[in-house]
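Counting convention: from 1, in listed order, for ligands and their atoms alike. For reference, positions follow the sequence shown, starting with 1. As the structure is a computational prediction, the values presented were derived from the model and not from experiment.
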Amino acid sequence: MIPAAFDYHRPASLADALSVLDELGWDAKLLAGGQSLIPAMRFRLAEPTAIVDLNGLAELERFEEADGYLHIGALVRHATIADSGLARERYPLLADAAAVIADPLVRNRGTVGGSLIHADPAGDWGSVMLAYRAELAVRRVDGDRIVPIDELFVTTFMTSLEPSELVTSVRIPAAGTGQGGAYEKLERKVGDFATVGVAAQIALAPDGTVGAVGIGLTAVGATNLRAAAAEQELLGSSADEAAIASAAARAAAESNPSADGRGSEEYKRDMVRVLTARALRRSVERARGTV
Ligand SMILES: Cc1cc2nc3c(=O)[nH]c(=O)nc-3n(C[C@H](O)[C@H](O)[C@H](O)COP(=O)(O)OP(=O)(O)OC[C@H]3O[C@@H](n4cnc5c(N)ncnc54)[C@H](O)[C@@H]3O)c2cc1C
């Protein structure tokens, strides 16, 4: 099928983009990489009367450390992160995830901002950002606000953003010593969406115990999920095998997968356990600098 007719806007500035959104509301859709929006339009699942193309707004391509954060512009492509030395050296959880999103074609076009706002529970960035406790910088014509990642996802394909709002960037705490993260993804074949994915990020306290931990789960609920009970289980522990095993069991218990062509509920829940243990183990090794 071909999409329904729509007007095409290519704003020259962020202010122009915001005023079109403000005027048209739900009738307008922002276009970033187009990797989710265009297929939805072709199947007539989305029928916006206007498209506002963000490509060309260089200010949305920021990818840098500043003011205690790593700022990831909404238009930063998956491939930019996969190819980034900064990500590989200081943000291994980002690098791990970027490398296993889709295929090179999708990675070259798809963006972090588009992926988060598409709010597919099988999307990888949602879990990564939950693990990092990311915040979204959101703008509309009459102001800015910061949206903590825990307040973004409402349900499948739905976020808490208003139609007049645009994400300009996502920020995560700047990397420090004693920190490490990892992403584990089970897929049927290379380039597939996750059957199950697990993102973990750990900060060790000076005495070597777990001072902070974030765990995000992919494709096992109506949205990407925070494994809050698993985080609590690990916090303050010495992150030994026993602590990791019980946190992984907690994560499996708090996941909520559905049976489909990728596997039964029971299988997916057990994969949450296995992948959580692996992601935590690798995070701890990276935090200790032993890998
Ligand atoms: C074959 C295929 C395989 C894929 N496999 C994976 C995978 O393994 N893992 C994975 O995570 N994803 C996967 N994806 C999805 C891919 O990552 C998309 O890039 C992503 O979901 C959407 O990003 P986009 O930049 O293309 O957004 P678009 O399609 O342009 O937009 C998506 C939505 O976000 C909104 N939007 C975009 N930018 C903004 C903004 N700055 N502010 C507010 N709203 C905005 C749009 O209006 C739209 O509603 C796959 C896609 C394809 C086609």
[X]: numbered ligand 1 atoms lying under 4.0 Å from its heavy atoms:
{"X": "K185", "answer": "7 (C), 8 (O), 9 (N)"}
{"X": "L166", "answer": "42 (N)"}
{"X": "D192", "answer": "8 (O)"}
{"X": "A74", "answer": "41 (N)"}
{"X": "K29", "answer": "47 (O), 49 (O)"}

Interatomic spacing from [atom1] in [X] to [atom2] in [Y] - rounded to 0.5 Å:
{"X": "L54", "Y": "H9", "atom1": "CG", "atom2": "NE2", "value": "12.5 Å"}
{"X": "S36", "Y": "I117", "atom1": "OG", "atom2": "CD1", "value": "11.5 Å"}
{"X": "F63", "Y": "I81", "atom1": "CZ", "atom2": "CD1", "value": "5.0 Å"}

For [atom], closest protein heavy-atom neighbour:
{"atom": "atom 12 (N) of ligand 1", "result": "F193 CE2, 3.5 Å"}
{"atom": "atom 41 (N) of ligand 1", "result": "V167 O, 3.0 Å"}
{"atom": "atom 35 (C) of ligand 1", "result": "I117 CG2, 3.7 Å"}
{"atom": "atom 38 (N) of ligand 1", "result": "A32 CB, 3.5 Å"}
{"atom": "atom 25 (O) of ligand 1", "result": "T111 OG1, 2.6 Å"}
{"atom": "atom 32 (C) of ligand 1", "result": "G114 O, 3.6 Å"}
{"atom": "atom 2 (C) of ligand 1", "result": "V106 CG2, 3.8 Å"}
{"atom": "atom 53 (C) of ligand 1", "result": "Q35 O, 3.5 Å"}

Exercise. Atom 11 (O) of ligand 1: which of D124, D103, L30, I38 has the nearest heavy atom?
Worked result: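 Comparing heavy atoms across D124, D103, L30, I38, the nearest one to atom 11 (O) of ligand 1 lies in D124.
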Exercise. Should one rank A102, A40, G191 by closest heavy-atom distance to atom 4 (C) of ligand 1, which comes out on top?
Worked result: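 Heavy atom nearest to atom 4 (C) of ligand 1 belongs to A102.
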Exercise. Does ligand 1 have an atom under 4.0 Å from some heavy atom of H78?
Worked result: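 Within the 4.0 Å threshold, so yes.
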For this session: For D120 and ligand 1, answer yes if some heavy atom of the residue is under 4.0 Å from a ligand atom, otherwise no.
Result: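 Contact absent.
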Problem set entry | Close N or O approach (A122, ligand 1; < 3.5 Å) |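 No - when backbone and side-chain N and O of A122 are compared with those of ligand 1, no distance drops under 3.5 Å.
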For this session: Walk me through it: do Y91 and Q201 pass the test side chain to side chain donor-acceptor pair (under 3.5 Å)?
Result: CA-CA 10 Å; Y91 301 92; Q201 176 68 16; over 6 Å; no
Do the side chains of [X] and [Y] get close enough for a salt bridge, i.e. N-O under 4.0 angstrom?
{"X": "E231", "Y": "R133", "result": "yes"}
{"X": "D96", "Y": "R286", "result": "yes"}
{"X": "D192", "Y": "K189", "result": "no"}

Exercise. Regarding S127 and Y183, is there a side-chain donor-to-acceptor distance under 3.5 Å anywhere?
Worked result: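 Absent: no donor and acceptor within the cut-off.
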Exercise. Applying side-chain hydrogen bond (donor to acceptor under 3.5 Å, both in side chains), which residue pairs with at least one partner in residues 20-33 are found, sequence neighbours left out?
Worked result: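 Pairs touching residues 20-33 that pass the test: none.
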Problem set entry | Qualifying residues under ring-ring contact (aromatic ring centres under 6.0 Å, His included), relative to F157, sequence neighbours excluded |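 By the ring-ring contact (aromatic ring centres under 6.0 Å, His included) rule, F157 matches H118.
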For this session: Decide yes or no for L70 and R171: does some side-chain heavy atom of the first lie under 4.5 Å from some side-chain heavy atom of the second?
Result: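 The answer is no, as the side chains (C-beta and beyond) never meet within the 4.5 Å cut-off.
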